[in-house]
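To keep things clear, I will list the structure first and then write my remarks on it.
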Amino acid sequence: MAISFGKGCHLHLIDGSAFIFRAFHALPPLTRKSDGLPVGAVSGFCNMLQKYIEGNSATHIAVIFDKGSHTFRNDLYDQYKANRSEMPEDLRPQIPLTRRATEAFNIACKEIEGYEADDIIATLARQAREAGGQCTIVSSDKDLMQLVGDGVDMLDQMKNTVIDREGVEAKFGVPPEKVVDVQALAGDSVDNIPGAPGIGIKTAALLINEFGSLDELLERAEEIPQPKRRQTLIDHAEQIRLSQKLVTLDDQTPLDFTLDDLEKRDPNPETLLGFLQEMEFRTIVKRISDYLGVEAPAMPDTNPAGAEPTAVEQPDFTEATYEAVSDMAVLDAWIARIHERGYVAVDTETTSLNEMQAELVGISLAVEPGHACYIPLTHKKSEADDLFAEEGLAEGQLELEAVLEKLKPVLEDDAILKIGQNLKYDWKILARYGVTVAPIEDTLLLSYALNAGLHQHGMDTLSERYLAHNPIPIKEIIGTGKSQITFDRVPIDKAVPYAAEDADITLRLWQVFKPQLHPKQVTTVYETLERPLIPVLARMEMAGVEVDRAVLHRMSSAFAQKMAQLEEEIHELAGENFKVGSPKQLGEILFDKMNLPGGKKGKTGAYATGADILEDLATEHDLPGRVLDWRQLSKLKSTYTDALQDHINPETGRVHTSYSIAGANTGRLASTDPNLQNIPVRTEEGRRIREAFVAPEGKTLVSLDYSQIELRILTQFADVPALERAFRDGEDIHASTASEMFDVPLDEMTPEVRRRAKAINFGVIYGISGFGLARNLRIPREEAQGFIDRYFERFPGIKDYMTETTDFAKKNGYVQTLFGRKIHTPEINAKGPTAGFARRAAINAPIQGTAADVIRRAMIRMEAAIADIPAKMLLQVHDELLFEVEEGHEDALIAAAREVMEGAHKPVLDLEVPLSVDAGQGRNWAEAH
DNA sequence: GAGTTCACG
DNA sequence: GACGTACGTGAACTCA
């Protein structure tokens, strides 16, 4: 029955082109199995449309596309969108497919020659509002934000967030009606809207808020206090008015259809499933068939004999059966199934995220998608059942020891793969219960090897992305904040679906990822650089490092005293009491009250008061220097001397960090809770904190670190003969660089010249820019650029490396380390400031990543190499390994560890430049480093 | 929870 | 003086 659009109706307008573009860049490059046709964006698009089939608030719906490249905006301004880059090769064939998809879903698909989708959307949104209905614009494009308000909102489908008036204000600093004014001033590099030079969104919002509107502002431009800004606005008034016309959406587009034509219609199952079948979207076909209650059409056989196995058909999550195991016979049956399969997905539930303190609460297992169980072990009785709930275990649980006795042989069985998501966690928990899990697979690491740089690798992310399923949030089970409970307090019936689902998801992800390793050529990376690291890191983390609480405590007290003194002096100098730790208040004191030179900046409009700014200001006044001293002490106290004491494990008396293997995109590890990779060393006061990291009685700390590993690797990548020679001859590399660049003989080198060369060497590793080097060296930008030009002239290989790496990234969407690790660079073809970031990251990633690979290889080999020495590897700090060794065996350890580290690249790689390792030893880390 | 600052390689 | 910039991280703090 047709209803006329009006009150109670809800129109959803999907910005088609924007969605596919974003889906294309956000999703992995999925191809149709039978012929390799790229269909990733189409699949993302269909996933989104599928939600409309299953039902939501929409009563009317349309997908709006752009049509034609010439619009009225080109008549106004011939440079409009002139810098748009070509559509990516793989996206082009997907555009017509998304139109077909829209039709197959029986959703209105609208476009009008000579009009941008945004204008059609504006017109429809206006009509919907005037008719008294609601409108949701499915897009995150900021150009559409001017339409928000009065029943119109926006939905970012990929982030699943709603953008309302508040959202627009947060983004633009002004309400939706004034967004065009801000955009007119700020301009837009993506669409090539000129705006006012030197004015960004923040400044624009400031001005509009002050003057009320753009017209008012331009009329009263003389009143702007800042001379430069005033002149800009006066000089560019014409251009700004033009920009305003360009960004203002036309809500009077002539339409050849009405709102009523957009009423939501049921799809024809045959047409829809036919299309999806043609695209070979198995999961969506299955889901929609189930939803429509029809039989899923057969899929073509896309896996002929001999071909690499591809995706596996998996049942829908709604059909999954998850059971609680409370009977030994049932457990036996599960174990029998595991033996039959040869693999099992495992997940442990515990009382804490801290693996060194967490107690096992239950274990879940999955052997095939949709079939998983949860074995509750130590859930507590609920308080409703028992006033003395503290003590008793809930009913219906098998005994922990008995279950572990049964499972241990399975978990340690060489013939059975144990699959986990972030298995290092479960490995450590089970190790504390006497079980050494092996052999292992980890879906987090599979995703990292396959997709580093594309997205994070947590279970929720992966499940949503690759299984189109949102797992039960842990918050729903244990709550949040103060009322959060530990998992052993969760009623068993509530724990089962959550815990079993995790194992199910893990198994399904494994089935998705594992077959991709080979085609994506990352099998070796996964098998030699990722997976073997799990037990190595687990043992290091469990070993921990001894920290002397008394030393830290003394330092904390001393810092507190000195800070109080400084605070008093600071207040005196400021002439008032304020929070020294508040950058906001400090900024107001320095720049508003004391009128020191320096200005507002940053996204929030707050004054920047970073160390570099305060250092510059220190010549003007005593206060900034005191604040710097105070800040240093505050940092040392709160982050180190205080916090580290809280991290001393009461049982072991040591500090146990946790390493994330997939934390950094480049292959580096990251250390958390606490971070032991950023213990101070650069200043004398800070370095003393390392005196608290000690060797126990009868032992010594030994530290070995790679010397200039990244520069050596860069030299290898770039093939720079002069640098190769300098490294081979064991020269001071920065001095050699300086000598080569500035034609100063080595024996006449001055510290200042060497310092500059050193800054350039580092800059090169970071994807140097004139701006960055100028800031670092505090010299004019032109001079810095001159240095860079000269550097490239002397070392042309470096320039080539940079160009080749950037080109490779643009072509392939990733860069690679010398060991084959892939780091994806999805933003490399972006426009605007993002492009610079992406380019520098792409240049840096192979260098940083290769160094990370080298030390990973060393760590993996280390245990066997030092097996006969009474020593343990404790910490890794990117290019350094810290060991604890029994006294008398220091030299043996250093010799063995050095051999492993210096030869870590072999045998797969020959290096023109040798790797070199420095060693130190002592009673504490300060002495050893 | 975002933004700022600062500790490390 | 600023369209924003050295690469990669994690933690503590302030403030909305």
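Just so it is clear: chains get the letters A, B, ... in the order the sequence lines come, proteins before strands, and each one is counted from 1. Just so you know, these numbers use all the heavy atoms, side chains as well, and skip hydrogens, waters and symmetry mates.
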- Query: CZ of A:Arg775 versus P of C:dG1: gap in Å, rounded?
  - Reply: 17 Å
- Task: Identify whether any heavy atom of A:Arg682 sits under 4.0 Å from a base atom; if not, whether one sits that close to sugar-phosphate; answer base, sugar-phosphate or nothing.
- Result: base
- Task: With the side chain counted from C-beta on, respond yes when A:Met145 and A:Glu169 share a heavy-atom pair under 4.5 Å apart, and no when they do not.
- Result: no
- Along DNA chain B, first and last positions that approach a heavy atom of chain A under 4.0 Å: B:dG3 to B:dG9
- Find out whether the Lys NZ or Arg CZ of A:Arg790 is both under 6.0 angstrom from the six-membered ring centre of A:Phe792 and within 45° of the ring's axis. no
Please tabulate, for the side chains in residues 772-781 of chain A, all donor-acceptor contacts under 3.5 angstrom to protein atoms that are two or more places apart in sequence or on a different chain.
residue: A:Arg778; atom: NH1; partner: A:Asp616; partner atom: OD1; Å: 2.4
residue: A:Arg778; atom: NH2; partner: A:Glu615; partner atom: OE1; Å: 3.3

- Task: Just do the side-chain hydrogen bond (donor to acceptor under 3.5 Å, both in side chains) check on A:Gln183 and A:Gln244 with the steps written out, would you?
- Result: CA-CA 7 Å; A:Gln183 285 185 291; A:Gln244 190 187 26; over 6 Å; no
- Item | Geometric class of the A:His734/A:Phe762 ring pair [parallel <30°, tilted 30-60°, perpendicular >60°] | tilted
- Message: Would A:Asp705 and A:Met901 count as a side chain to side chain contact (heavy atoms under 4.5 Å, CB included) here? Give the steps.
- Response: CA-CA 9 Å; A:Asp705 67 288; A:Met901 289 172 75; 5.8 Å; no
- Go through A:Thr672 and A:Tyr659 one step at a time and tell me if the side chain to side chain contact (heavy atoms under 4.5 Å, CB included) criterion holds. CA-CA 6 Å; A:Thr672 63; A:Tyr659 290 102; over 6 Å; no
- Task: List in numerical order all residues of residues 755-767 of chain A for which some heavy atom is under 4.0 Å away from an atom belonging to DNA chain C.
- Result: A:Ala759, A:Gly763, A:Tyr766
- Task: Look at A:Arg690 together with A:Glu927 and state whether they make a salt bridge at an N to O cut-off of under 4.0 Å.
- Result: no
- Does the pair A:Arg626/A:Glu567 count as a salt bridge with the N-to-O cut at 4.0 Å? no
- Message: Need one value for A:Ala852: base, sugar-phosphate or nothing, where a base atom within 4.0 Å counts as base even if backbone is also close, heavy atoms only.
- Response: nothing
- What is the distance, rounded to the nearest whole Å, between atom CG of A:Asn844 and atom C1' of C:dT5? 14 Å
- Item | Parallel, tilted or perpendicular: rings of A:Phe591 and A:Tyr607 (30°, 60°) | tilted
- The answer to which of A:Gly200 and A:Asn665 contacts DNA chain C further toward the 5' end, by nearest nucleotide, is A:Gly200
- Message: Considering every strand and a 4.0 Å limit on heavy-atom distances, what is the contact class for A:Arg839: base, sugar-phosphate, or nothing?
- Response: nothing
- Message: Rounded to whole Å, how long is the line connecting atom CG of A:Asp853 with atom P of C:dG8?
- Response: 16 Å
- Message: For a quick test of reading the model, state the closest non-hydrogen atom pair linking A:Arg821 to A:Thr666 and the distance between them.
- Response: CD-O, 3.4 Å
- Query: If only atom types and distance count, is the side chain of A:Tyr706 paired as donor or acceptor with the main-chain N or O of A:Ala851 below 3.5 Å?
  - Reply: no
- Task: Evaluate the ring-ring contact (aromatic ring centres under 6.0 Å, His included) criterion for residues A:Phe787 and A:Tyr791: first the C-alpha distance (whole Å), next the side-chain angles of each, then the deciding distance (0.1 Å), finally the verdict.
- Result: CA-CA 6 Å; A:Phe787 287 173; A:Tyr791 189 94; over 10 Å; no
- Message: Just to be sure I understand the rule, does A:Ala611 reach a base, reach only the sugar-phosphate, or reach nothing, if contact means heavy atoms closer than 4.0 Å?
- Response: sugar-phosphate
- Note on the structure: Rounded to whole Å, CD1 of A:Ile709 lies from C1' of C:dG8 at a distance of 15 Å
- Message: Looking at A:Arg668, I'd like to know whether one of its side-chain N or O atoms comes within less than 4.0 Å of OP1 or OP2 on C:dG8.
- Response: no
- Note on the structure: Those residues at least two apart in sequence (or on a different chain) that pass side chain to side chain contact (heavy atoms under 4.5 Å, CB included) with A:Tyr814 are A:Phe808, A:Asn812, A:Gln816, A:Lys822, A:His824
- Query: Within the modelled atom types, does a donor on one side and an acceptor on the other bring the side chain of A:Arg840 and the base of C:dT5 under 3.5 Å apart?
  - Reply: yes
- Tell me what A:Asp879 touches on the nucleic acid: a base, only sugar-phosphate, or nothing, going by heavy atoms under 4.0 Å. sugar-phosphate
- Message: Regarding A:Ile679, tell me which of base, sugar-phosphate or nothing describes its non-hydrogen contacts under 4.0 Å with the strands shown.
- Response: sugar-phosphate
- Tell me: CZ of A:Arg821 to C1' of C:dG8, nearest whole Å? 13 Å
- Provide, to the nearest angstrom, the distance between the CD1 atom belonging to A:Ile788 and the C1' atom belonging to C:dA6. 9 Å
- Message: What is the distance, to the nearest angstrom, from the CD atom on A:Gln226 to the C1' atom on C:dA2?
- Response: 13 Å
- Item | Integer-rounded Å distance: C:dG1 P and A:Gln231 CD | 15 Å
- The contact string for nucleotides 10-16 of chain C, one letter per nucleotide 5' to 3', using protein heavy atoms under 4.0 Å with B, S and - for base, sugar-phosphate only and none, comes out as BBSSSSS
- Query: Checking side chain to side chain contact (heavy atoms under 4.5 Å, CB included) for the pair A:Met555/A:Tyr640: CA distance, chi angles, key distance, verdict?
  - Reply: CA-CA 10 Å; A:Met555 295 179 80; A:Tyr640 301 104; over 6 Å; no
- Message: Taking B:dG3 as the reference, what is the distance to C:dT5 when you measure between their P atoms (whole Å, please)?
- Response: 13 Å
- If we take the P atom in both C:dG4 and B:dT5, what is their distance in whole Å? 15 Å
- Query: Which dot-bracket string fits DNA chain C when only Watson-Crick or G-U wobble pairs with both atom distances under 3.5 Å count, crossing pairs get [ ], and | stands for a partner on a different strand?
  - Reply: ......|||||||||.
- Query: Looking for any heavy atom pair under 4.0 Å, which part of the strands does A:Thr834 touch: base, sugar-phosphate only, or nothing?
  - Reply: nothing
- Separation between the C1' atoms of B:dG1 and C:dA6, rounded to whole Å: 28 Å
